[in-house]
Asker: 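One structure, as structure tokens, below. Some questions next.
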Amino acid sequence: MTATADRPRATGTPPTAPPTKRAPSDTTGKTERQIRRIAFSQTLSRWDFKYSPYLYISPFFILFAIVGLFPLLYTAWVSVHEWNLIGGQGDFVGGDNFAFVLQQPQFWIALRNTFSIFLISAVPQVATALLIAAVLDRNLRGKTFWRMGVLLPYIVAPVAVALIFSNMFGDQYGLINNLLGQLGIDPIGWHSEVLPSHLAIATMVNFRWTGYTALILLAAMQAIPRDYYEASMLDGAGVVRQFFSITIPQLRPTLIFVIVTSTIGGLQIFDEPRLYDSAGQGGASGQWMTITIYLYNLGWGQLNFGRAAAVAWLLFLIIVLVGLLNLAITRRIASGDNPQKVLDRASRRAARSAARTARTDRTRRDQEVDA
């Protein structure tokens with residue numbers, strides 16, 4: 001009985017087996033994969049942060065390398081070889097093409113004409129554009145109309161502008177000479193003389209580009225904080241003083257851009273002098289022949305692409321030198337003043353004016369007391 005009572009009672013549930021432990025190698029492998037995945041994600045994030053900006057701007061540099069840098073380097077290669085339209089590349093000549101071009105009087109005449117037209121057109125263009133932009137920046141009625149109006153000459157085709165102005169500046173039957181004749185002034189040889197032809201071509205350039213330049217400067221003017229103008233008015237600065245001491249210094253980056261682009265465009269001028277007469281050779285004696293026309297005559301007139309490429313590279317170096325000179329001068333002129341200095345000077349002038357007024361009132365009161 002006792003042995004039977006002490007026997008354990010059987011149940012329907014079998015005894016639970018002890019849990020099987022996972023092999024340590026499986027857990028370690030999963031952890032290592034997670035760590036590698038996290039490290040790879042962090043590496044991708046670093047690469048994205050570091051290299052994505054370069055990837056976004058790469059289309060510009062790729063396009064520039066194809067249409068800008070490669071033609072420039074290829075032109076340098078052509079300039080040191082004999083090269084013509086029919087035979088193609090010839091022998092290597094080194095600097096002979098450059099030496100030939102520099103010895104030609106026509107090159108120096110073209111260089112003189114180019115700089116003359118550039119100076120006559122670029123300086124009045126930037127100055128006039130500044131004044132137009134300053135006027136458009138004021139509270140005018142119909143501002144959109146006037147802003148669109150100054151841009152209309154820019155959208156006119158260069159061929160149309162050249163044909164119209166070449167007839168206006170005709171030597172015999174031009175509109176300008178007819179008006180001068182009615183005033184009793186002798187007719188001017190707009191095509192036969194050097195300086196008048198440069199003035200006529202510069203007028204065409206200014207007609208097309210002044211409004212475009214004015215709108216660029218106007219956009220920069222509207223970005224200037226109005227607090228500067230309000231504070232200067234309270235301190236006694238006038239409109240002219242505000243323009244030269246606040247507007248001009250604040251326009252320094254835009255002025256540098258406008259002057260540099262005007263320099264590049266002015267030294268590469270081709271359409272206007274080319275279409276100024278029916279021959280398109282820059283005048284009978286090269287009165288208005290520019291470097292680009294001289295280059296065109298060498299390449300497509302004489303079919304000597306080696307010498308034409310040499311002229312192109314000389315023009316490129318001249319543009320770089322003049323652009324750097326303009327950049328240095330513009331920075332020096334525009335950085336000589338800033339709005340804070342203007343406000344300080346205006347405050348000092350206002351203080352001196354108040355002191356003079358106080359002395360005048362005190363003197364008047366003393367004279368009244370003595371009387």
Side-chain angles (χ1 to χ4, degrees), residues 118-154 202 205-266 322-361:
F118 159 66
L119 293 175
I120 295 174
S121 62
V123 175
Q125 178 188 140
V126 175
T128 306
L130 268 174
L131 295 177
I132 293 175
V135 173
L136 294 177
D137 193 36
R138 313 291 293 182
N139 292 325
L140 298 176
R141 290 186 176 180
K143 291 186 292 186
T144 304
F145 170 78
W146 296 112
R147 292 171 185 176
M148 292 298 296
V150 298
L151 193 61
L152 286 178
Y154 173 71
V205 175
N206 292 335
F207 173 78
R208 289 195 65 231
W209 291 98
T210 301
Y212 175 81
T213 306
L215 287 185
I216 295 177
L217 295 173
L218 175 63
M221 286 182 184
Q222 291 182 338
I224 299 175
R226 298 298 157 178
D227 297 341
Y228 293 148
Y229 296 101
E230 294 174 0
S232 62
M233 284 191 297
L234 293 176
D235 290 332
V239 176
V240 177
R241 186 62 180 176
Q242 291 175 356
F243 178 75
F244 285 102
S245 298
I246 296 179
T247 304
I248 298 294
Q250 289 293 300
L251 291 180
R252 183 180 69 175
T254 308
L255 279 174
I256 293 174
F257 169 77
V258 167
I259 291 175
V260 170
T261 53
S262 299
T263 300
I264 296 173
V322 176
L324 293 176
L325 180 62
N326 283 341
L327 181 63
I329 294 175
T330 306
R331 283 184 171 178
R332 189 175 185 84
I333 292 175
S335 62
D337 218 343
N338 59 65
Q340 187 60 42
K341 292 181 180 180
V342 175
L343 297 178
D344 294 340
R345 284 197 298 264
S347 299
R348 290 194 295 269
R349 286 197 303 268
R352 289 195 297 267
S353 178
R356 286 195 300 268
T357 302
R359 287 196 300 269
T360 303
D361 294 340

Asker: Is it the case that atom CZ in F257 sees more than 12 heavy atoms from other parts of the structure closer than 6.0 Å?
Answerer: no
Asker: Can you list every side-chain hydrogen bond (donor to acceptor under 3.5 Å, both in side chains) pair that touches residues 254-264, not counting sequence neighbours?
Answerer: T263-N326
Asker: For the residue pair L130 and L251, establish whether any side-chain heavy-atom pair is separated by less than 4.5 Å.
Answerer: yes
Asker: For the atom pair OG1 (T213) and CD1 (I259), what is the distance rounded to the nearest 0.5 Å?
Answerer: 10.5 Å
Asker: Quick check: closest heavy atoms across P124 and S121, and the distance to 0.1 Å?
Answerer: CD-O, 3.6 Å
Asker: Under the side chain to side chain donor-acceptor pair (under 3.5 Å) test, which residues partner R138, sequence neighbours left out?
Answerer: none
Asker: How close do I132 and A214 get, heavy atom to heavy atom, and via which atoms?
Answerer: CG2-CB, 3.9 Å
Asker: Are side-chain heavy atoms of L217 and L255 found at a separation under 4.5 Å?
Answerer: yes
Asker: Looking at F207 and P153, what are the two nearest heavy atoms and their distance?
Answerer: O-CB, 3.0 Å
Asker: Answer yes or no: is there a side-chain heavy-atom contact under 4.5 Å between T210 and Y154?
Answerer: no
Asker: Please report the interatomic distance OG1(T247) to CG(D137), rounded to the nearest 0.5 Å.
Answerer: 7.5 Å
Asker: To the nearest 0.5 Å, what is the distance between CZ (R241) and CE (M233)?
Answerer: 16.0 Å
Asker: Can you tell if the side chain of M148 reaches within under 4.5 Å of the side chain of T144, non-hydrogen atoms only?
Answerer: yes
Asker: If you compare all heavy atoms of P249 against all heavy atoms of F244, which two are closest, and at what distance to 0.1 Å?
Answerer: CD-O, 3.6 Å
Asker: Is the closest side-chain heavy-atom distance between I224 and Y229 below 4.5 Å?
Answerer: yes
Asker: Are any non-hydrogen side-chain atoms of Q250 and M221 less than 4.5 angstrom apart?
Answerer: no
Asker: Starting at CH2 of W146, measure out to CG of L218 and round the result to the nearest 0.5 Å.
Answerer: 14.5 Å
